[in-house]
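Letters go in sequence order (proteins before strands), and every chain restarts at 1.
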Amino acid sequence: MPPIYALVDCNNFYVSCERVFNPALEGRPVVVLSNNDGCIVSRSAEVKALGIGMGVPVFEVKDLIEKYGIQTFSSNYALYGDMSRRVMETLNGFAPEIEIYSIDEAFLNLAGLNKTNLAGYAQNIRATVRRWTGIPVCVGIAGTKTLAKLANRAAKKFSKSGVLDMTIMPAVELDALLSRIAVEDVWGIGPAISRVLKARGIQTALDLRGADIRWIKERFGIVAVRTVLELRGDPCIPLELHRPAKKNICVSRGFSRPVESLAELREAVAAYATRVAEKARRAGLAAGVLTVFVHTNRFRDEPQYSNAASIRLSVATGDTAELIQAAFRGLDSIFREGYRYAKAGVLLGEIVQASRVQPDLFDERDRDRAGRLSKAMDLLNADMGAGTLHYAATGFKRSWQTKFMRRSPRYTTRWNELPAVIAG
DNA sequence: TCTGGGGTCCTAGGACCC
DNA sequence: TCTGGGGTCCTAGGACCC
């Protein structure tokens, strides 16, 4: 049976999450900001109507924010993650096959449900999600994931009902719709490819659907070919029912101000290593290699430097102290005096299940003991609030630390701020 | 002049996504 | 002054092997 995909996508997800807990924001212009309160990453409809784009730096639209009284929020990922879980749990009841594609989107396979009125079913999904979670969503329905994406986009942009079913759309109407969608708005077509396409006169989704497959293959490779075939209604990208195991875990963050000293960089890198270790342990994973990277501010006209170093761990680990040590070794090897660093990160690779770690014959570390310590720290931090107990290497003053000046309360997660430290 | 062919593994870089 | 973070996949090229 050929698939019928419904793409359910939350409207302005982060903004909607803020509104659920602060209904006074309803109908008013609202944005959510990226880390360091730097860019706009979620916009309410009112803000989109003002012509403020996605990803725009806040300082560029400061005047508009003031003029229109736009409410600004720092991102609050604990809240959004929690709301996402609620939405996905609700969607689970509507189809036997579901792929959680991102924090705010899921593909459902509606084939086999024997629904004669798919649009009506989608309306039911919308209403239920709204009622149970407070989050508004739109639904696009089509025979391929790429078309379902476009259907969803069109539902958001052109329809009043918030639902668009392409499977029953007459060919003429479908063509008209595709001719209204710019080629760069097609899923899988980014800025680099769309630049080349446009130079060739391929401007819209409709143009791309009719493009010469051989040329596409030669010029852009197999991925772009799949996109074109999917536009033609030929499903090439299957539903992924089981989230594939993670291959990397990363924590990286820009600093609130330039950092020049190795001492401060070490604090930041220790803090990121701590966080990435927590993420790994929480997922029951361990890493065989750690990469640390730093770079200067590419937007500034000043000496630029960026580098990365990978450290192999003799035994795959998720232990904070061990990962901090490895991160220090890497950082010390790439640090260069005389630059203003803007950002650093710690990336774990060669991820394996912690329960299946290959022991090392000559291992001198007491892994049992280290594991118990980590576990105790995780429990305490979960109970008392993140960062309650931390390694001294991550610093105390932390004036480099990313700023979240306008974060909403942690409505759905516990939090308090009693600091404590252990030596290390 | 002309210098095998085919396979695997690894890595870096580029492209994309939300 | 101020410019996000965390991922994935594909490809090309080099090293190495028989």
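For C:dT8, the OP1/OP2 oxygens have no side-chain nitrogen or oxygen of A:K247 closer than 4.0 Å. Contact annotation: A:K343 does not reach the phosphate of C:dG6 (side-chain N/O to OP1 or OP2, under 4.0 Å).
Closest contact between the side chain of A:F59 and the listed nucleotides C:dC2, B:dC17, C:dG7 involves C:dC2. The A:Y101 side chain lies nearest to B:dC18 when the options are B:dC18, C:dG7, C:dG6. For A:R253, taking side-chain heavy atoms from C-beta onward, the closest of the listed nucleotides C:dG4, C:dG6, C:dC2 is C:dG6. For A:V251, the side-chain atoms get nearest to C:dG6 when compared with the rest of C:dT8, C:dG6, C:dG7. In the set B:dC18, C:dG4, C:dT8, the nucleotide with an atom closest to the side chain of A:N248 is C:dT8. With C:dT8, C:dT3, C:dG6 as the choices, the nucleotide that has an atom nearest any side-chain atom of A:C250 turns out to be C:dG6. In this structure, the nucleotide among C:dT1, B:dC18, C:dG4 sitting nearest to the side chain of A:D104 is B:dC18. Closest to the side chain of A:V223, from the set C:dG7, C:dC10, C:dG4, is C:dC10. Side-chain atoms of A:K279 lie closest to C:dG7 of the nucleotides C:dG4, C:dG7, C:dT1.
Taking the six-membered ring where the residue is Trp, the centroids of A:Y341 and A:F335 are separated by under 6.0 Å. Checked against a 6.0 Å centroid threshold, the rings of A:Y101 and A:W187 count as neighbours.
Remark: the A:S102 side chain and the A:D104 side chain contain an N/O donor-acceptor pair separated by less than 3.5 Å.
Annotation: side chain to side chain contact (heavy atoms under 4.5 Å, CB included) contacts of A:K375 (sequence neighbours excluded): none.
Position along DNA chain C of the nearest nucleotide to A:N35 versus A:I222 favours A:N35 as the more 5'-ward residue. Nearest-nucleotide positions on DNA chain C for A:K217 and A:R298 put A:R298 closer to the 5' end.
Residues from residues 180-197 of chain A lying near DNA chain B, meaning a heavy-atom separation below 4.0 Å, are A:V186, A:W187, A:G188, A:I189, A:G190, A:P191, A:A192, A:I193 in numerical order.
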